[in-house]
Structure formats: C-alpha cells, structure tokens
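One structure is given below, encoded as structure tokens.
Every chain is numbered from 1 and lettered A, B, ... according to where its sequence line falls, protein lines coming before strand lines.
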Amino acid sequence: MAKKITFSPAMIDALCEGSLADPLTPGLAIEVLKSGKKRWRYRRQVARQKVVATIFGGLFPAQSMAEAREWARELNSQTEAGIDPRAVQRAEKVRNEMTVAKAHGLYMIAVHEGRSSRAKRINKPRTIKDKMDVYNHDIGPALGNRNIYEVTERDLIKLVEAKGKTAKVRANRLAAELKVIFGWAASLRGLEVGLETDPSKRLGDLRFPEKARTRKLSHLELEWFLQALAEEERDFQRGMLLCLLSAARISEMARARSDEIVNGVWVIPSARAKNSFEHKIALGPWGRSLMQTNHEWIFPALTIDGPRNNSVWYKCRDRVLARMEKLAGHPIERFTPHDFRRTARSNTKRLKVDFETAEAMLNHVKKGMERTYDLYEMEDEKRNWFLKWEEEVASIAKRVGVAAALGAPGAQTSIGYSFTVRITKGAGGRPSYNFDTAKSRSGEKSSQTNARITFPQMPEKGHRPD
DNA sequence: CGTTAGCCATTACGAACCCA
DNA sequence: TGGGTTCGTAATGGCTAACG
C-alpha cells in the first residue's frame with residue numbers, strides 16, 4: 001500500500017525548492033519560484049500529438065489545492081481529447097477581446113476591400129462615410145465596448161426603438177446597418193469575428209413606415225417659378241434651369257465640369273452617376289447656352305477652388321419660392337431640385353414621349369430582358385425629348401415675359417440683371433476685368449475670385465428690354 | 001455669407017422570392 | 001422558366017447649425 005498522504009497543503013508549505021507533482025491529478029504540480037513563492041503549473045502531453053502543453057496557474061495558497069485541481073481537471077479533459085489547451089486559451093483571449101468596436105473595425109476593412117457584402121462593387125465614399133456616421137453616432141457609444149458575442153437581440157431592438165423616437169427613417173437605416181454588420185460577423189465572410197448566432201436577424205420586423213415624395217410642379221407653378229427665377233443672379237438662373245431642363249440630379253448639375261461637354265452633349269461620367277452608368281444629355285440650344293463657361297467648373301465656387309456647395313442651391317430655392325408665393329398671392333408647397341425630375345417625368349406622357357425614353361431621360365436602368373438584350377442607348381430619342389421639353393419650358397417663359405431675362409433662345413438677348421466681374425492681374429500688373437455673363441465672357445481662366453457687382457436697380461416686373 | 005459637418009429622408013438598384 | 005413583386009441596402013437628396 002502506497003503512503004497515504006504524499007500531497008497535502010502541509011507538504012506544500014514544507015516545500016523549499018524544486019517542484020512536487022500531485023499524484024491524484026495528472027499534469028498538475030506545484031513549483032517553488034526563486035522568490036520563494038509557490039505557483040501551480042500544468043504540464044502534459046496532448047493526446048495523440050507530439051506536443052506538450054505547459055500552462056501556469058495562480059500562486060499558492062491564494063489558489064487553493066482544491067481550486068488548482070478543478071482547474072487542472074478542466075485542462076485534462078482538453079488534453080485527453082487531443083485538444084491543445086493553449087490553443088483554447090488563445091481563442092478565449094481573442095474572444096474576450098472581440099468587442100463590437102473591434103469587430104466593426106474588421107468589418108470596415110472588409111468594406112474597403114469589397115468583402116463586406118455579396119455586392120460586386122466596392123461601396124462609394126459617401127456610402128462608407130454614412131456607415132461610419134451611423135456607427136459613430138448610434139452604435140459605438142452604446143455597444144462599442146461590449147463583447148460582440150454577448151450582444152443580444154434585445155440590446156439591438158432597444159437601440160433601434162430609441163432611435164425611432166427621434167428619427168424613424170434613420171432608425172430603419174440603423175437597423176439595416178446593424179443587420180449588415182452582425183450579419184457579416186456571423187457569415188462565412190466574417191469568420192475572423194466568428195459570431196455563432198446573429199442577434200440582428202429579425203430586426204427587419206420593426207421597420208418604421210417610409211413614404212415617397214410625389215411633389216411636382218404644375219405649369220402654373222412653373223410660370224411663377226420662371227418669373228421668380230428671372231430675378232436671380234445669372235449663375236443661379238443657369239443652375240436651376242439646367243436642373244429643370246436636364247432632369248439631372250442636383251449633384252450632377254452642381255458638380256458638372258466643362259470637360260464633360262463633348263460636341264454639345266453633356267456626358268455625365270459613370271463615376272458621378274448614382275447608378276454608375278454614364279449618362280448622355282443632348283440638350284437643346286438653351287440648355288447648351290446655360291452650360292457655356294470657360295471655367296473648369298460649370299458652377300465655380302466663389303471662395304474656394306471647386307464647384308459651389310449644394311447648399312447654395314437650396315438657399316436659392318428658398319428665395320425663389322418666397323417670390324413665387326408673392327406672385328401667386330398664396331402659400332406654395334415647398335419643392336426641391338429633385339422634384340424637377342418628377343416634374344419632367346410627369347410631362348412625358350402629355351408631350352407624347354414613350355415610357356422607355358422617359359426612363360432613359362432619368363438614367364434609370366432597364367429591367368429584366370430589356371436590360372439583357374437591349375443595349376441601345378436611345379440617344380436620338382433622348383435628344384428629341386430634351387429639345388421638346390426645352391421648347392415647352394421656353395414657351396412658358398415667353399408667356400410670362402421672362403424668356404429674354406432667362407436667356408431663352410429666340411427671345412431678345414439680355415445680359416440679365418447682374419453679373420460677376422473677375423479681376424485678375426493683367427499685363428504690367430494692371431488689373432484685368434473679366435465680365436462673367438452668359439453673353440459676354442472673357443477667355444481669361446482664373447480661379448482667383450473677385451468682386452461681385454450686383455446692380456442695385458432691378459427693372460420693374462414685366463419689363464421688356466428694348 | 002459662403003462653406004462644411006452632421007443628421008435625417010428619399011430614391012432606386014439588384015437579388016430573392018413568388019406565381020402562373 | 002419568364003416576368004412581376006418584395007426586400008435589403010446602396011447611394012443619393014435635403015435641412016440646419018456651426019464655423020471662419
């Protein structure tokens with residue numbers, strides 16, 4: 001019979017150097033450190049493998065013998081099953097460190113590399129920025145420090161419902177983004193996070209209602225609009241008219257460049273189009289004159305090198321709308337530049353333009369078989385439409401007496417009521433004045449800005465130039 | 001006062017789904 | 001299977017306050 005007690009707390013106390021194995025727990029031993037402190041140690045060969053795993057435990061007696069044995073038993077169940085407990089520990093460490101913030105960081109890397117979704121295209125910069133905004137504003141502050149494996153469906157629902165209190169549509173976008181992030185982390189694409197269950201799976205069920213806009217301008221409203229627009233500076237006339245005549249998106253108009261005009265056709269490059277399809281707009285003579293400029297940008301900003309900021313167009317709209325209400329004598333429902341697209345689209349039927357052309361005019365993609373087999377770009381049809389629409393708008397302008405003021409073709413020429421003067425250094429250091437109007441414009445190309453002179457006297461309403 | 005950043009709302013593509 | 005509809009989400013538009 002073996003000695004009854006070969007391993008006890010008393011024996012550990014008595015131990016001064018070296019180590020002592022626990023005869024009852026394979027792999028477990030206590031060892032004396034140089035400092036004299038005693039530490040638990042686990043060392044055992046992993047079953048069916050050539051490797052020996054060594055793991056250090058806590059100090060004795062802070063970690064009692066019973067605790068150490070329990071600890072070692074757990075490790076033994078792993079080594080005996082052929083699992084290296086060090087690998088388990090590493091995985092646990094990674095797991096404990098996988099916060100929502102870290103997982104999101106990995107997700108964003110995947111986004112930049114185009115690995116985030118099934119989509120083939122890499123997200124556009126604005127989309128990526130929007131993703132970051134949603135995270136930084138709504139997800140990070142609430143969940144960033146949480147372990148992603150411990151986030152529950154309830155956590156996410158709470159987040160979306162809280163958002164819904166102040167911004168319903170945005171709450172839908174938040175839910176969508178949560179689905180994208182957690183869905184990725186739980187998918188084969190996001191194995192680096194390796195979420196087992198996706199807590200966002202059912203978030204789509206709490207969608208808040210959304211509604212589409214229906215606003216379009218009637219012909220009567222267009223009359224007021226054109227009259228009101230006639231009092232704007234020429235640049236604003238040009239921009240707003242271009243939106244109306246081309247049915248382009250505001251960003252397509254505002255950031256248009258001179259080199260996009262090829263043989264009189266405005267070619268919006270794929271990079272600037274919402275759907276990444278190049279869009280050719282063959283405008284009529286009026287539209288072409290509106291885009292006429294010697295500057296790099298069709299609508300150059302005043303104080304920076306670049307196009308005017310979008311917001312100026314909304315301010316212009318505000319001024320125009322206020323004048324329209326004065327002309328009408330009653331309030332007019334607010335409209336936006338995008339509503340011009342709807343306005344143009346809703347006029348196609350009346351002007352006997354077919355569905356296909358109408359869709360092509362808006363650069364909408366073809367669906368189904370049409371898309372597969374019909375690669376025809378409908379350039380001639382679009383050209384006809386833009387001319388027809390331009391003549392329609394011009395006739396409205398003529399009817400209310402602002403055709404000339406707006407520079408519509410066929411009307412008597414006018415320089416408008418205001419213009420920009422660009423002052424550049426000419427020969428011998430003398431200032432050179434360049435008049436920036438639709439009709440007269442110096443060939444001087446300059447980005448230095450300059451004085452804007454607006455004539456204080458506005459002609460009377462209905463005034464017709466001689 | 002023009003420009004920008006931040007936040008909320010719409011538009012619209014394309015894959016999934018569904019039905020004859 | 002083709003063709004319409006729904007669903008998920010990408011890609012914009014729209015508004016306002018802050019900034020310099």
Per A/R170 side chain, nearest of listed nucleotides B/dC8, B/dT4, C/dT9
B/dC8

Residue pair A/S311/A/L362 against DNA chain B: nearer the 5' end by closest nucleotide is A/S311

Under 4.0 Å: is that the gap between some side-chain N or O of A/R342 and OP1 or OP2 of B/dT11?
yes

Criterion salt bridge (charged side-chain N to carboxylate O under 4.0 Å, His left out) on A/R323 and A/E232, from CA distance to verdict
CA-CA 10 Å; A/R323 278 187 220 115; A/E232 283 290 317; 2.9 Å; yes

I want to check one thing: is the phosphate of C/dA10, taken as OP1 and OP2, less than 4.0 Å away from some side-chain N or O of A/T127?
no

Under 4.0 Å between any heavy atoms, over every strand shown, what does A/R207 touch: base, sugar-phosphate, or nothing? Just pick one.
base

If you only use heavy atoms from C-beta on, which nucleotide in C/dA10, B/dC13, C/dG14 is closest to the side chain of A/R173?
C/dA10

Integer-rounded Å distance: B/dG2 C1' and A/Y314 OH:
16 Å

Distance test, side-chain N/O of A/T336 to OP1/OP2 of C/dG13, below 4.0 Å:
no

Ignoring hydrogens and angles, does a donor from either the side chain of A/K315 or the base of C/dT16 sit under 3.5 Å from an acceptor on the other?
no

I need the CG-P distance between A/N309 and C/dG14, as an integer number of Å.
13 Å

Looking at A/D155 and A/R146, is there a salt bridge between them, counting it only when a charged N and a carboxylate O are closer than 4.0 Å?
yes

Round to a whole Å and report the spacing from CZ of A/R126 to P of B/dT4.
15 Å

Of A/R249 and A/D138, whose closest DNA chain B nucleotide lies nearer the 5' terminus?
A/D138

Below 4.0 angstrom, N of the basic side chain to O of the carboxylate: do A/R173 and A/D130 qualify?
no

Under the 3.5 angstrom rule, does the side chain of A/N263 hit a backbone N or O of A/V265 as a donor-acceptor pair?
no

Look at the side chain of A/K274 and decide which nucleotide, out of B/dC7, B/dT3, C/dT12, has an atom nearest to it.
C/dT12

Separation of B/dA9 C1' from A/N172 CG (nearest whole Å)
11 Å

Contact class for A/A254 (heavy atom, under 4.0 Å): base, sugar-phosphate, or nothing?
nothing

Figure out the CE/C1' separation between A/M132 and C/dA10, and round it to whole Å.
17 Å

Within the 4.0 Å heavy-atom criterion, would you say A/K131 contacts the bases, only the backbone, or no part of the nucleic acid?
sugar-phosphate

Send over the distance from A/D339 CG to C/dT12 P, rounded to a whole Å.
19 Å

Rounded to whole angstrom units, what separation is found between the CE atom of A/M253 and the C1' atom of C/dG13?
12 Å

May I ask you to verify if any side-chain N or O of A/N310 is less than 4.0 angstrom from the OP1 or OP2 atom of C/dG14?
no

A/R272 bridged to A/E252 by N-O distance under 4.0 Å
no

Any donor-acceptor N/O pair under 3.5 Å between C/dT12 base and A/K124 side chain
no

Check the distance between C/dT12's P and A/F277's CZ and give it to me in whole angstrom.
13 Å

A/E177, nearest nucleotide to its side chain (from B/dT4, C/dG8, C/dA10)
C/dA10

Pick the nucleotide of DNA chain C nearest each of A/S251 and A/A175; which residue has the one closer to the 5' end?
A/A175

Answer yes when A/R345 and A/E359 have at least one side-chain N-carboxylate O distance shorter than 4.0 Å, and no when they do not.
yes

Answer yes or no: does a side-chain N or O of A/H338 lie under 4.0 Å from OP1 or OP2 of C/dG13?
no

Any N/O donor-acceptor pair, A/R213 side-chain to C/dG14 base, under 3.5 Å:
no

